[in-house]
Structures are given as C-alpha cells and as structure tokens.
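Below, all heavy atoms of this structure are taken into account, side chains as well, without hydrogens, waters or symmetry copies.
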Amino acid sequence: MADITSICSAHQGLNFEKTNQRRVGHVTSLKIGDKEYKKDMAVTVPSDIDGDKVKVVAVIDGIYWNGGHTDEILIHCRISTANKVSSFLLSHAELSDTRVEFAFVIYEYDPVKAKYFPFFHTNETNLNGLVSKDDGKLRLMTSNDQEEDVVSPKNFRFYLGVMPSEKEQGVHVAGDDSAKLVKKWGVTVAE
C-alpha cells in the first residue's frame, strides 16, 4: 500500500496568503467520546476564489496514513485555547469511551492550473474510529504551551491517532483537480 505523509504549513493555514502556495489542512469536525470539539478557528479555504472564512476545529501540521485498510490515521494539528483546555483534561482522564468521529481536508496547490484542490480528505463526511494506542498508551496528547511560530491566533499542538471502526469507509485522494480516487479505510465485520 502506498502511504500518505502530508506536511502542512500552520502559518499558511492560520494566516492564509494568496502568494504563498504551501499545503494547507483543516480538521473540520472532531468528537472523542461525548466531547465535541468547537469549530472556533476562522480560516480561509484555499480553493475558494473569494477567500471566504470558515470555522474549523484545527489547522493541520501533518497527517500520516500508511494506506492500509486497518492502518491508523495520525494527525498533528493546532487547536484553540478553548479546545486546548478541554482536550488537556480529556487526555489526562481515564477514557472509557474512545470512539472518534472526525473529518479533515488537505489542500494541495496545482502549479499548472494555478489553484488549490482537495488532495486528501473525507469528502465532508465524518469517519468513525477509535483512539489508537502505542505501547498501551492512547495516542492523544495536548501541549500546555502556546506555540510561538504563529502567535496570532493563539494555538496549541494536539496529536491524535485514530484506528478505523469495524466498517468500511472511504478516504479521498487526488493527484490533481481531475485525477481522484477513493481508498478504503476500515473493514466491515459481519455480525
């Protein structure tokens, strides 16, 4: 399986500049257990010619997926102060409910067509999974320190690993605006 490693620009994601063509990513929704994260970061959608702002949960620094049906998706991103407070407490609590619902989109710049397109995304549909583990520890971590490379708006690092639930779901990948495919994530388990 071909993996997807997508490093994004937090600066470009938080303070979009039309003259900068770096990759941008957003977590558009996130729920862990019964905790729904706020869509409280106003960002520019790069593929929107008018540059309208939308509210998202987080701006992505990097997203990693080995490409297999049962491989986890690992997201490194930036969240707001309000989400940081909730997430910090959540990451230190004994989680009895590790279910995750999330959606994301990574935008890539096409230099031939001189425009952004959704490169790796959930097609505005929530994926379902569980917080993954590494050596018995949940892959859920929130920094308590504000990031200093982008000071406005205030933002904090957040890491989340998600393994798929027991149902087949689709993750969308594109080579450009016209070359697209859907890869399977998760395996449906018969009851």
Exercise. Indicate the atoms forming the closest heavy-atom contact of D71 with G67, along with that distance.
Key: OD2-N, 3.8 Å
Quiz item: Do any pairs count as a salt bridge (charged side-chain N to carboxylate O under 4.0 Å, His left out) and have a residue in residues 137-150, sequence neighbours left out, and if so which ones?
Solution: E72-R139, R78-D149, D134-R139, E147-R157
Quiz item: To the nearest 0.5 Å, how far apart are CG in D110 and OG in S47?
Solution: 12.5 Å
Quiz item: Are any of the side-chain heavy atoms of T122 and V105 separated by less than 4.5 Å?
Solution: no
Exercise. Just say parallel, tilted or perpendicular for the rings of F104 and F102, cut-offs at 30° and 60°.
Key: parallel
Quiz item: So do the side chains of I7 and D61 get within less than 4.5 Å of each other, counting heavy atoms only?
Solution: no
Self-check item: Rounded distance (nearest 0.5 Å) linking atom CG of D48 with atom NZ of K53
Solution: 11.5 Å
Self-check item: Flag side-chain contact, heavy atom, 4.5 Å: L160 against L30
Solution: yes
Quiz prompt | Which residues share a side-chain contact (heavy atoms from CB on, under 4.5 Å) with V54, sequence neighbours left out | solution = V43, V45, V56
Self-check item: Working for side-chain hydrogen bond (donor to acceptor under 3.5 Å, both in side chains), residues N155 and K84
Solution: CA-CA 8 Å; N155 63 92; K84 179 255 270 199; over 6 Å; no
Exercise. State plainly whether one hydrophobic cluster holds both I4 and V27, where clusters connect Ile, Leu, Val, Met, Phe, Trp and Tyr through side-chain heavy atoms under 4.5 angstrom apart.
Key: yes
Practice problem: Decide yes or no on side chain to side chain contact (heavy atoms under 4.5 Å, CB included) for S178 and K113, but give the supporting numbers first. | Solution: CA-CA 11 Å; S178 59; K113 295 181 181 175; 3.9 Å; yes
Quiz item: Do V150 and M41 belong together in a cluster built from hydrophobic side chains that touch within less than 4.5 Å?
Solution: yes
Quiz item: Is a side-chain donor or acceptor of K180 paired with a backbone partner of D177 at a separation under 3.5 angstrom?
Solution: yes
Self-check item: Shortest non-hydrogen contact between A174 and F117, atoms and distance
Solution: O-CE1, 3.8 Å
Quiz item: Are L95 and L140 close enough, and set up right, to give a side chain to side chain contact (heavy atoms under 4.5 Å, CB included), and what steps lead you there?
Solution: CA-CA 11 Å; L95 279 181; L140 173 65; 3.7 Å; yes
Self-check item: Nearest atoms (heavy-atom pairs only) where Q12 meets Y116
Solution: NE2-OH, 3.4 Å
Quiz item: What distance do I32 atom CD1 and D97 atom CG have between them, rounded to the nearest 0.5 Å?
Solution: 10.0 Å
Quiz item: Among all residues two or more places apart in sequence or in another chain, which pass the side chain to side chain donor-acceptor pair (under 3.5 Å) test with T142?
Solution: S87
Quiz item: At what distance, to the nearest 0.5 angstrom, does CD1 of I75 lie from OG of S6?
Solution: 11.5 Å
Quiz prompt | Nearest-0.5 Å distance, CD1 of residue I73 to OG of residue S132 | solution = 10.0 Å
Quiz item: Which residue pairs satisfy the salt bridge (charged side-chain N to carboxylate O under 4.0 Å, His left out) criterion with at least one member in residues 23-43, sequence neighbours excluded?
Solution: R23-E108
Exercise. Show the numbers, then the answer: is there a side chain to side chain contact (heavy atoms under 4.5 Å, CB included) between F120 and I63?
Key: CA-CA 9 Å; F120 182 43; I63 192 164; 3.9 Å; yes
Exercise. State, yes or no, whether a side-chain contact exists between P46 and V24 at a heavy-atom distance under 4.5 Å.
Key: yes
Exercise. Examine M163 and V171 and state if one hydrophobic cluster contains both, with Ile, Leu, Val, Met, Phe, Trp and Tyr joined whenever side-chain heavy atoms are less than 4.5 Å apart.
Key: no
Quiz item: For C77 and A58, which heavy atoms make the closest approach, and how far apart are they?
Solution: SG-CB, 3.7 Å
Quiz item: Would Y37 and F158 count as a ring-ring contact (aromatic ring centres under 6.0 Å, His included) if you check the C-alpha gap in whole Å, the side-chain angles of each, and the deciding distance to 0.1 Å?
Solution: CA-CA 12 Å; Y37 284 69; F158 176 69; 5.7 Å; yes
Self-check item: Minimum heavy-atom distance Q146-V151, with the two atoms named
Solution: NE2-O, 3.6 Å
Quiz item: How are the rings of H121 and H172 set relative to one another: parallel (under 30°), tilted (30 to 60°) or perpendicular (over 60°)?
Solution: parallel
Quiz item: Got a second to check how far Y107's OH is from S9's OG, nearest 0.5 Å?
Solution: 15.0 Å
Quiz item: Do I106 and Y64 belong together in a cluster built from hydrophobic side chains that touch within less than 4.5 Å?
Solution: no
Quiz item: Is the count of non-hydrogen atoms from other residues, nucleotides or ligands lying under 6.0 Å from E166 atom CD greater than 12?
Solution: no
Exercise. Could you identify which residues cluster with M141, counting Ile, Leu, Val, Met, Phe, Trp and Tyr as linked when any side-chain heavy atoms lie under 4.5 Å apart, either directly or through a chain of such contacts?
Key: Y159
Exercise. Examine K167 relative to W185 and say whether NZ or CZ is less than 6.0 Å from the centre of the six-membered ring and inside a 45° cone about the ring axis.
Key: no
Please tabulate, one pair per line, all N/O donor-acceptor pairs under 3.5 Å involving side-chain atoms of residues 123-130, not counting sequence neighbours.
unit_1: T125; atom_1: OG1; unit_2: N123; atom_2: O; d: 3.3
unit_1: N126; atom_1: OD1; unit_2: S29; atom_2: OG; d: 2.4

Quiz item: Which heavy atom of P164 sits nearest a heavy atom of G186, and at what distance?
Solution: CB-CA, 3.5 Å
